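The structure appears right after this line, and notes come after that.
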Amino acid sequence: MGGRRRREAALIQGVVQGVGFRPFVYNLARALGLTGWVTNTAAGVELAVQGSSAAVEEFFARLTGQAPPLAVIHQVARREAEPESGESDFSIRASEGGRRSTLISPDVAVCEACLAELFDPADRRHGYAFINCTHCGPRYTIIQDLPYDRPQTTMRVFTMCPACRAEYQDPADRRFHAQPNACPECGPRLWLADAHGIELPSEDPVAGAVDALAEGQVLAIKGLGGFHLAADAGSEAAVARLRGRKHREE
């Protein structure tokens, strides 16, 4: 795209972290031949783009018109900046702190692409309970501080394996900068424990939980956002046991 060369900086506010927004900006800028950078801050997403006037205008038009499906843009505050000589590429910079004012994405139900992998026996995430990508998965319940980056989530204790790291670093992959990215080799796992918290041997913890419910036991199922108490609603004995433990007569 022709025209005079210029540089613009911008702060994008709204639900723009944990939704694949930085990878979207990165790929969009590179597709338009722009240089610059993008980063997460406690206020939102900040960026700078440099190139022809036509390319810069096209960038901001697509920024709002083609944003990731989970993104909700409330404001794009643009400002002119002095062009920088010697800048030859577009990059994702390390996140910055500051006053916390950005919005946090809610947890998002598993997307169709992840569902397809989940049920594909040939996929390395076949049957993996914690499958996710930039279009789905936990956000709100794993974040501990802003900006939203893996070191500031509960996923920081899980070191990505080489395969997951390759996805995380590949701009063409839908898991590019997906902060909860994990697999059976490196991520969290399911297990079954008794009332004392001692892990029980089980090849399939989900099947084991189903069997326990069928036997009339009460289960405390730890999920992303806390514990869910479960019992067989068709079993009077199981329901009575749960009510007794909760001190609820009805």
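This structure is a prediction, so every number in the text was calculated from the model and none was measured. Sequence positions, counted from 1, serve as the residue numbers for this chain. The analysis underlying the following values was restricted to heavy atoms, covering all of them including side chains, and did not include hydrogens, waters or symmetry mates.
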Side-chain (Gln13) to main-chain (His74) donor-acceptor, under 3.5 angstrom: no
Stepwise side chain to side chain contact (heavy atoms under 4.5 Å, CB included) test for Val56 and Leu34: CA-CA 8 Å; Val56 169; Leu34 297 169; 4.0 Å; yes
Set of residues satisfying ring pair (Phe, Tyr, Trp, His ring centres under 6.0 Å) with respect to Phe158, sequence neighbours excluded: none
Validation row, ring centre His126 to ring centre Phe119 under 6.0 Å: no
Same apolar cluster: Leu219 and Leu242, side chain cutoff 4.5 Å: no
Full working for side chain to side chain contact (heavy atoms under 4.5 Å, CB included) between Val19 and Val108: CA-CA 10 Å; Val19 294; Val108 181; over 6 Å; no
More than 12 heavy atoms of other groups within 6.0 Å of Gln144 CD: yes
Partners meeting salt bridge (charged side-chain N to carboxylate O under 4.0 Å, His left out) with Glu236 (sequence neighbours left out): none
Expected output: side-chain Thr39 to main-chain Ala94 donor-acceptor under 3.5 Å: yes
Approximate separation, where rounding is to 0.5 Å, of Phe60 CZ and Arg78 CZ: 4.5 Å
Crowding at CZ, Arg248 (>12 non-hydrogen neighbours, <6.0 Å): no
Sole residue of Phe176, Trp37, Phe21 in ring pair (Phe, Tyr, Trp, His ring centres under 6.0 Å) with Tyr26: Phe176
Where Cys161 and Cys183 come nearest, the two heavy atoms and their spacing: SG-SG, 3.7 Å
Heavy atoms from other residues, nucleotides or ligands near CD of Gln169 exceed 12 (cutoff 6.0 Å): yes
Same cluster (ILVMFWY, side-chain, under 4.5 Å), Leu28 and Val49: yes
Neighbour count >12 (heavy atoms, 6.0 Å) for atom CD, Glu82: no
Hydrophobic cluster membership, Trp191 vs Phe130, 4.5 Å side-chain cutoff: no
Nearest atoms (heavy-atom pairs only) where Leu63 meets Ile12: CD2-CG1, 4.0 Å
Backbone of Phe59 reached by a side-chain donor or acceptor of Arg62 within 3.5 Å: no
Point-to-point distance, once rounded to the nearest 0.5 Å, from CG of Leu32 to CZ of Phe90: 10.5 Å
Flag, side chain of Gln50 to backbone of Gly36, donor-acceptor distance under 3.5 Å: no
Full working for side chain to side chain contact (heavy atoms under 4.5 Å, CB included) between Tyr168 and His177: CA-CA 5 Å; Tyr168 184 86; His177 276 247; 3.9 Å; yes
Inter-residue atom distance Leu115.CG - Asp120.CG, 0.5 Å rounding: 12.0 Å
Criterion side chain to side chain contact (heavy atoms under 4.5 Å, CB included) on Arg93 and Arg22, from CA distance to verdict: CA-CA 10 Å; Arg93 289 185 175 179; Arg22 286 180 301 171; over 6 Å; no
Val76 reachable from Val38 in the ILVMFWY side-chain graph, under 4.5 Å edges: yes
Short side-chain to backbone donor-acceptor contact, Thr134 and Arg174, under 3.5 Å: yes
Under 3.5 Å donor-acceptor, Arg175 side chain and Asn132 backbone: yes
Single-linkage hydrophobic cluster Val206~Leu213, side-chain heavy atoms < 4.5 angstrom: no
Partner residues of Thr159 under the side-chain contact (heavy atoms from CB on, under 4.5 Å) criterion, sequence neighbours left out: none
Asn181 backbone acceptor or donor facing Arg150 side chain under 3.5 Å: yes
Nearest-0.5 Å distance, CE of residue Met155 to CE of residue Met160: 8.0 Å
Distance, nearest 0.5 Å, that separates CG of Asn40 from CD1 of Ile92: 9.0 Å
Exam field: side chain Gln17 to backbone Thr41, donor-acceptor pair closer than 3.5 Å: yes
Gap separating the CZ atom of Arg241 from the OG atom of Ser235, nearest 0.5 angstrom: 7.0 Å
Evaluation steps, salt bridge (charged side-chain N to carboxylate O under 4.0 Å, His left out), between Asp89 and Arg30: CA-CA 8 Å; Asp89 204 355; Arg30 288 173 64 90; 2.8 Å; yes
